[in-house]
Amino acid sequence: MGSSKIDYEKVLNPAQLEAVTTLEGPLLVIAGAGSGKTRTLVYRVARLVETAVAPESILLLTFTRKAAQEMLDRAVSLSDPRCRFVSGGTFHSLANRALRSYAETVGYSRSFAIVDRSDMEEIVRSLIPELRVPKGTPRFPKRGTLADILSKAANLQQPLEKVMLEEYGHFLEFLREIDTLSRLYEQYKKTHQLMDYDDLILNLRRILEHDEEARKNLSQQYRYIMVDEYQDTNVIQADIVKWLAHEHRNIMVVGDDAQSIYSFRGANYRNMFDFSIHFPEAKKVKLEENFRSTQPILTFTNALMSQAHEKFTKCLVTKRTGGERPRLFDTRTAPEQALFVGRAILERIQQGRSLRDCAVLFRAAYHSFELEAELTRQSIPYVKYGGFKFLESAHIKDFLAHLRVVVNRDDAVSWIRILRLVKNVGEGKSQSIMEWMRAGGISPGQLEQWPGIGKRDTGLGQLSRFLGRLSEQDMSPAQAVEKVMEYYLPILKERFDDYPRRQRELDQVISMAGRYKKLRSFLDDLILDPPTSPADLRSQKEHEALTLSTVHSAKGLEWPVVFIIWVTEGRFPPARAYHHPSVLEEERRLMYVASTRAKDELILCYPGQEGAPSWSGHAIPWGGHATSLSTFIRDLPEEVVSHESGSLSSRSERRDWQWRSGNIESKSPDRPSEFSPGERVRHPAFGPGVISKLIGHDKVEVFFRDVGRKLLLLEYTTLEKI
DNA sequence: CATCACGCTGTTTTT
DNA sequence: CAGCGTGATG
């Protein structure tokens, strides 16, 4: 390699070098956290391109598209601009691309639409009446749960009964109904040319299995395949890999069994073990040297994982010297935890850290609500990742639905959405209009010819003419979104009081459309690679801000200072109570992923009040168990993690947060007397109901701050009783 | 069709 | 508690 810009032997350690220079044949890389996995992939891409492999014939499958893009960008700046032409993306985007050519094989048209999770739930909702569940049946699962069950069965490729036995035992009595639902759902998708996330990969596999030509074409197109985060793939994805690499066998998979945290999606780290069964000649490489964290942090994570039941890796070690033990703080209660973290962040800033150096990680998005209120009070800027699905908020879905029906006329979900936005049209009318259109092969612009149209249905005429214009000419995505905005803005204003914010968000979506030539690619990308927050849409400029993130969204990232907050809560159903081994196992992996994000400093905290009430200040009703930080952390020895108290020192401080967080009950004699009618007061939590009780007024005006799915109350004003 | 009062129920993570 | 679904009422 005389022409190489890169001196691989110098920049890579021996294990990495082996992984990078083994270009032919199957290769399994077991890579511990922070062991330079991404680096290895990037260099391998560069190496392949340097050795005159056509970039288009390299496929890099990652967990998110962003991850693929970042790796390819790095490869470009490292070696060769042609690395830009490497195909990178997720299994889902690969499947989408393939299915746009071969959908007929699996009985679909190539113009099928993709439904996201909320669409799926909407379909399920519309099918439930057909199950004839007697009304008032107690404990029939909610649509979200039903969607979970269907999706899990699809992902695990197991019969409903088995999935329900294992994980939804409390719903077994409804097996028949759910089974029917499953069939109805499949049928619905077929008739309306819809595929959900699971169908994408399932159908890709089906094509690879049954369509010899497609298989040939695809495996010839991608001669060198790399899969990142292999521990997070499921059996279907493993099969896809198997088929794609069956002939040429140039397949490299990279993963860390300990970091498998997507079991809820059917991911199985055993795929890592099974790789050698499908590819017996596979070479194995272990990356064990950690380049990220200090040794005390790694000692902690090693201790954590040594208790795991099934594992086949590795002890993490580093050459980095020094560093402090991770610290574990018992903050007594959840509100104190928020205060504690807020303060600790400020301390780090005073010590010269930048906000960008710090991150706070947690298991579920809502766990940071209290902290967010605290950060707002302290005017600490933060960016939050994970949890709330920006794209699934009503106004965005409504807006996009108008485009989706133009691209795919059969997309019933979107049809019903936009029809119901029309005045005087609800569930009933939208359904019958749908059926009439399907039966007569009516085009969107002919909507106003619906025989059932009444004098008051002028809105239908408007919609009809609008859709007619929209589908007439071959519009660019940029023009199309402008047109939709024109039509939709009045509806938006009427339906939402907070329309200025929503309009701004729509403007951001609109601005994305300019980058696309085809409307369909624009819509597909929004579903397959959704922006995680409105902030994400703003130019990707780095903010000088603290990061808050769910552990899931923090995968692959690192920060000098990492806080982990673990919030007290119960678990449901009882069969999966917190002490259940499978829950502990899952939690342990999460904790592992979270703690291996830290470079220099790791701070864990938990509200230690055992059995503390968890939900809205009430005891957990279903007999589940409230727990503080799982015992597998608390029982770690002092040498590994220092146990400290994070409780607030002074009594007055404690009183202060107590009422600020709404913990004082209405009957409490301690009710703050500062409240007087008409006064505007800052208050961090809970809704008007609580406040009313607290202050003894039944009219309050509240001021919310939008923190995603939930609104956080910041201020309120009492109103005089009339 | 839209609105409201009432009763029931309870996890989260993402493509 | 609060979010959701249901059933009754304009």
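Reminder, nothing fancy here: chain letters follow the sequence lines and each chain counts from 1.
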[X] [atom1] to [N] [atom2]: how many Å, rounded?
X: A/K384; N: B/dT13; atom1: NZ; atom2: C1'; answer: 13 Å
X: A/R117; N: B/dT15; atom1: CZ; atom2: C1'; answer: 12 Å
X: A/D148; N: B/dT11; atom1: CG; atom2: C1'; answer: 10 Å
X: A/L528; N: B/dT14; atom1: CG; atom2: P; answer: 16 Å
X: A/D232; N: B/dT14; atom1: CG; atom2: P; answer: 12 Å
X: A/R143; N: C/dC4; atom1: CZ; atom2: C1'; answer: 8 Å
X: A/N155; N: B/dT13; atom1: CG; atom2: P; answer: 17 Å
X: A/N234; N: B/dT14; atom1: CG; atom2: P; answer: 17 Å

Given the rule in the side-chain contact (heavy atoms from CB on, under 4.5 Å) test, do A/W566 and A/L590 qualify, once you have shown the distances and angles that lead to the verdict?
CA-CA 11 Å; A/W566 225 243; A/L590 266 167; 4.3 Å; yes
What nucleic acid atoms does [X] come within less than 4.0 Å of, heavy atoms only: base, sugar-phosphate, or nothing?
X: A/K423; result: nothing
X: A/T64; result: sugar-phosphate
X: A/F63; result: sugar-phosphate

Hey, do the aromatic rings of A/F63 and A/Y262 have their centres closer than 6.0 Å?
yes
Between A/F264 and A/H552, ring centroids under 6.0 Å
yes
Kindly indicate, with the supporting measurements, whether the criterion salt bridge (charged side-chain N to carboxylate O under 4.0 Å, His left out) is fulfilled by A/E427 and A/R125.
CA-CA 12 Å; A/E427 181 82 38; A/R125 191 194 62 82; 3.3 Å; yes
Distance check, P atoms only: B/dT13 and C/dC4, in whole angstrom units.
14 Å
When the side chains of residues 198-206 of chain A are checked against the rest of the protein, which donor-acceptor pairs come out under 3.5 Å, sequence neighbours left out?
unit_1: A/D198; atom_1: OD1; unit_2: A/N155; atom_2: ND2; d: 3.1
unit_1: A/D198; atom_1: OD2; unit_2: A/S151; atom_2: OG; d: 2.7
unit_1: A/D199; atom_1: OD1; unit_2: A/K189; atom_2: NZ; d: 3.3
unit_1: A/D199; atom_1: OD2; unit_2: A/K189; atom_2: NZ; d: 2.8
unit_1: A/D199; atom_1: OD2; unit_2: A/D196; atom_2: N; d: 3.0
unit_1: A/N203; atom_1: OD1; unit_2: A/R206; atom_2: NH1; d: 3.0
unit_1: A/N203; atom_1: ND2; unit_2: A/D199; atom_2: O; d: 3.2
unit_1: A/R205; atom_1: NH1; unit_2: A/D239; atom_2: OD2; d: 2.7
unit_1: A/R205; atom_1: NH2; unit_2: A/Q157; atom_2: OE1; d: 2.6

Toward the 5' end of DNA chain B, which comes first, A/N424 or A/H92, by nearest nucleotide?
A/N424
Given DNA chain B, 5'-ward residue of the pair A/A364 and A/R420, judged by closest heavy atom:
A/R420
What's the closest nucleotide to the A/F264 side chain, out of B/dT13, B/dT12, B/dC1?
B/dT13
Side chain of A/S553 only, heavy atoms from C-beta on: which candidate in B/dT13, B/dT14, B/dC1 is closest?
B/dT14
Side-chain N or O of A/T550 less than 4.0 angstrom from OP1 or OP2 on B/dT14?
yes
